[in-house]
Amino acid sequence: MNLTELNRIATAMVAPGKGILAADESSGTIKKRFDAIGVESTEENRRDYREMLFRAKDAMSQYISGVILYDETIWQDAKDGTPLIKLIEQSGAIPGIKVDEGTQALPMCPGELVTVGLDKLAERLKKYYERGARFAKWRAVIDIGSGIPSMTAISVNAHALARYAALCQAAQIVPIVEPEVLMDGDHDIDRCYEVTGRVLNKTFQELRVQRVVLEGMVLKPNMAISGKKCAKQASVEEVAEKTIRLLKACVPAAVPGIAFLSGGQSDEEATAHLNAMHKLGPLPWGLTFSYGRALQAAPQKAWSGKAENVAAGQRAFSHRARMNGLAAKGEWQSSLEQKAA
Ligand code: 13P
């Protein structure tokens with residue numbers, strides 16, 4: 001294992017003003033996104049859509065540090081025969097790969113999930129490295145509800161995250177460690193804060209036990225935020241203040257960077273929250289975005305599966321990438337959104 005190189009990649013993934021495009025929707029998830037814009041989820045349509053994003057030159061070269069791919073995409077070629085992963089490399093961004101294999105019901109813990117995919121992971125990582133992937137992602141899912149999460153669910157998911165992260169580093173791949181506490185419930189921001197704190201503490205405890213080198217990883221957490229169905233929605237300032245307080249308490253400064261998931265926040269909320277956090281700096285780690293929906297909802301709508309809309313889709317993607325790139329430096333203002341609209 002070359003630690004200097006792992007650290008170099010992790011640091012580049014959270015370079016100032018840049019963030020990660022999470023384009024690693026599984027076949028089931030991308031079908032849901034395509035259903036919403038009336039596009040059939042065929043292999044060709046998935047390729048065309050992702051090719052559109054990766055060929056958006058301005059966005060990719062100025063604001064995107066890395067792209068998380070799904071297994072199908074990393075082996076796919078663009079229409080002209082260029083491997084899609086080459087388009088990413090040519091733009092200057094780093095290719096990454098989602099390596100978990102989704103979730104299964106956790107026995108004895110009704111309503112809770114465990115992420116699977118550790119079997120044969122070492123062999124898969126070797127193939128992905130040869131193809132050009134330099135980082136990976138594994139997402140654990142923790143739900144908040146009546147009587148959950150259990151400490152069992154938190155522990156087994158943290159254990160699997162650390163097993164994955166250690167295997168990645170041994171394969172010279174930077175692990176993105178993603179313990180996602182969902183924002184789907186009616187809980188308030190303080191309950192999210194408390195649960196996320198427990199999840200982060202357990203995750204870092206497992207990472208240490210399994211000898212993961214903190215300097216060679218990136219954390220992808222949720223923000224401390226109100227549940228979507230909570231009657232009392234916390235303000236942008238409260239989300240920023242509580243998220244930074246929580247991360248400072250739980251995430252060692254040895255970690256080069258933190259890249260948030262958007263988790264169902266609106267495009268502009270996700271941008272405003274990241275921006276407000278940078279106003280609270282200086283911060284001990286790089287802090288940026290690793291958004292899926294908050295970067296792609298607008299370009300998906302603009303594209304809607306039509307070849308004649310590719311330029312419009314790329315414009316919509318470039319706009320969101322630029323807004324988030326500015327937010328990652330605390331330089332975003334809502335008036336910039338209005339000007340573009
Ligand atoms: P969202 O930003 O849509 O939450 O997706 C990020 C991601 O990679 C979730 O695993």
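Counting starts at 1 for both ligands and their atoms, in listed order. This is a predicted model, so every value here is computed, not measured.
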Sub-4.0 Å heavy-atom approach of [X] to ligand 1:
{"X": "A294", "result": "no"}
{"X": "Q296", "result": "no"}
{"X": "S290", "result": "yes"}
{"X": "K98", "result": "no"}

(message) Main chain of E331, side chain of N275: is a donor-acceptor contact present, judged purely on distance under 3.5 Å?
(response) yes
(request) Compare A270, G264, G263, G292 and give the one whose heavy atom is closest to atom 4 (O) of ligand 1. (result) G263
(message) Minimum distance, heavy atoms only, to atom 8 (O) of ligand 1: which one of E178, K220, Q265 is it?
(response) K220
(request) Identify, by atom number and element, the atoms of ligand 1 in contact range of Y291, meaning under 4.0 Å from any of its heavy atoms. (result) 2 (O)
(request) Evaluate the side-chain proximity of L219 to L200: yes if any heavy-atom separation is below 4.5 Å, no if none is. (result) yes
(message) Give me the residue, atom name and distance of the protein heavy atom closest to atom 1 (P) of ligand 1.
(response) S262 OG, 3.3 Å
(request) For ligand 1, note which part of R293 has a heavy atom under 4.0 Å away: side chain, backbone, both or neither. (result) both
(request) State plainly whether the residues R47 and D77 are in salt-bridge range, i.e. N to O under 4.0 Å. (result) no
